[in-house]
*Asks:* 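Take this structure, written in structure tokens, and hold onto it; I'll ask about it next.
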Amino acid sequence: KGYDAKKNAMKRDAQQAYGIMLLYYKSRGANASTGLDYLKASVKGASKEAFIATYQLGHRAYFGIEEPKNLTKAANWMLKSYEAVQERKRSAT
């Protein structure tokens, strides 16, 4: 009925995990494009909380995995991931 931050965080984490699993098991018949869609969906609106997905998207752009190599795009994704991790470290101390 309303916004539930905990429920949305669980959904985002599940999307990241399922997306990575589908990408990883592509050679075994998993649908990699669906996995990529899950990663992109987990980043929408909450890229700071989805640092696993932002890292993966940056990694794929850097190495040109199933897309043209794009260093600017890779740097932008990796920066989001780095900033999210640094923010978590600061808040933990």
Side-chain angles (χ1 to χ4, degrees):
K1 194 169 185 178
Y3 177 79
D4 185 355
K6 189 173 186 178
K7 185 184 250 186
N8 284 339
M10 290 176 62
K11 178 182 176 184
R12 183 178 45 255
D13 290 347
Q15 287 174 322
Q16 291 180 95
Y18 194 53
I20 290 170
M21 286 177 13
L22 289 173
L23 291 171
Y24 184 78
Y25 288 109
K26 175 185 166 187
S27 65
R28 303 230 181 224
N31 189 338
S33 66
T34 301
L36 191 56
D37 290 342
Y38 274 116
L39 288 180
K40 288 178 180 178
S42 71
V43 172
K44 284 186 182 175
S47 62
K48 285 188 177 182
E49 286 82 17
F51 65 90
I52 294 169
T54 57
Y55 176 82
Q56 288 295 322
L57 292 169
H59 175 83
R60 296 174 69 76
Y62 180 80
F63 287 105
I65 300 171
E66 297 179 4
E67 64 180 273
K69 193 177 218 182
N70 187 333
L71 299 182
T72 302
K73 184 178 175 182
N76 287 332
W77 281 120
M78 291 293 195
L79 181 61
K80 289 179 184 183
S81 181
Y82 174 79
E83 288 172 343
V85 170
Q86 292 306 312
E87 188 175 311
R88 283 189 180 206
K89 283 184 179 180
R90 281 191 296 273
S91 66
T93 56

*Asks:* Roughly how far, to the nearest 0.5 Å, is NZ of K73 from CG of L57?
*Replies:*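 It comes to 7.5 Å.
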*Asks:* Backbone N or O of F51 within a donor-acceptor pair of the T54 side chain at under 3.5 Å?
*Replies:*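 It does hold such a pair.
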*Asks:* Can you tell me how far apart CD (E66) and CZ (R60) are? Round to the nearest 0.5 Å.
*Replies:*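 Going from the CD atom of E66 to the CZ atom of R60 covers 5.0 Å.
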*Asks:* Is L71 reachable from L79 through a run of I, L, V, M, F, W or Y residues, each pair having side-chain heavy atoms under 4.5 Å apart?
*Replies:*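 Unlinked, L79 and L71 end up in two clusters.
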*Asks:* What I'd like to find out is whether the side chain of L39 reaches to under 4.5 Å of the side chain of L23, using heavy atoms alone.
*Replies:*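 The answer is yes, as the side chains (C-beta and beyond) meet within the 4.5 Å cut-off.
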*Asks:* Rounded at 0.5 Å granularity, tell me how far NZ in K44 sits from CD in Q15.
*Replies:*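 One finds 9.5 Å between NZ of K44 and CD of Q15.
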*Asks:* When you compare the side chain of Y18 with that of M21, does any pair of heavy atoms fall below 4.5 Å?
*Replies:*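 Side chain of M21 against side chain of Y18, heavy atoms only: contact under 4.5 Å found.
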*Asks:* Supply the atom-to-atom distance Y55 OH to I20 CD1, rounded to the nearest 0.5 angstrom.
*Replies:*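 Reported value, rounded in 0.5 Å steps: 10.5 Å.
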*Asks:* Starting from I52, can I reach V85 by hopping between I/L/V/M/F/W/Y residues whose side chains sit under 4.5 Å apart?
*Replies:*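 Same cluster.
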*Asks:* Test side chain to side chain contact (heavy atoms under 4.5 Å, CB included) on Y82 and Q86; report intermediate values, then the result.
*Replies:* CA-CA 6 Å; Y82 174 79; Q86 292 306 312; 3.5 Å; yes
*Asks:* Of all heavy-atom pairs between A74 and G58, which one has the smallest distance, and what is that distance?
*Replies:*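 The pair with the smallest heavy-atom distance is CB-O, 3.4 Å.
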*Asks:* When rounded to the nearest 0.5 angstrom, what is the spacing between OG in S42 and CG in D37?
*Replies:*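 It is 11.0 Å, given to the nearest 0.5 Å.
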*Asks:* Rounded to the nearest 0.5 Å, what's the gap from CZ on R88 to NZ on K48? Could you check?
*Replies:*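 If we round to the nearest 0.5 Å, R88:CZ and K48:NZ are 12.0 Å apart.
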*Asks:* Check for me, please, whether V43 and Y38 land in the same ILVMFWY cluster - side-chain distances under 4.5 Å, paths through other members count.
*Replies:*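 They do not share one cluster, since no chain of ILVMFWY contacts under 4.5 Å joins V43 to Y38.
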*Asks:* Please test F63 against K69 for side chain to side chain contact (heavy atoms under 4.5 Å, CB included), starting from the C-alpha separation and ending with a verdict.
*Replies:* CA-CA 6 Å; F63 287 105; K69 193 177 218 182; 5.6 Å; no
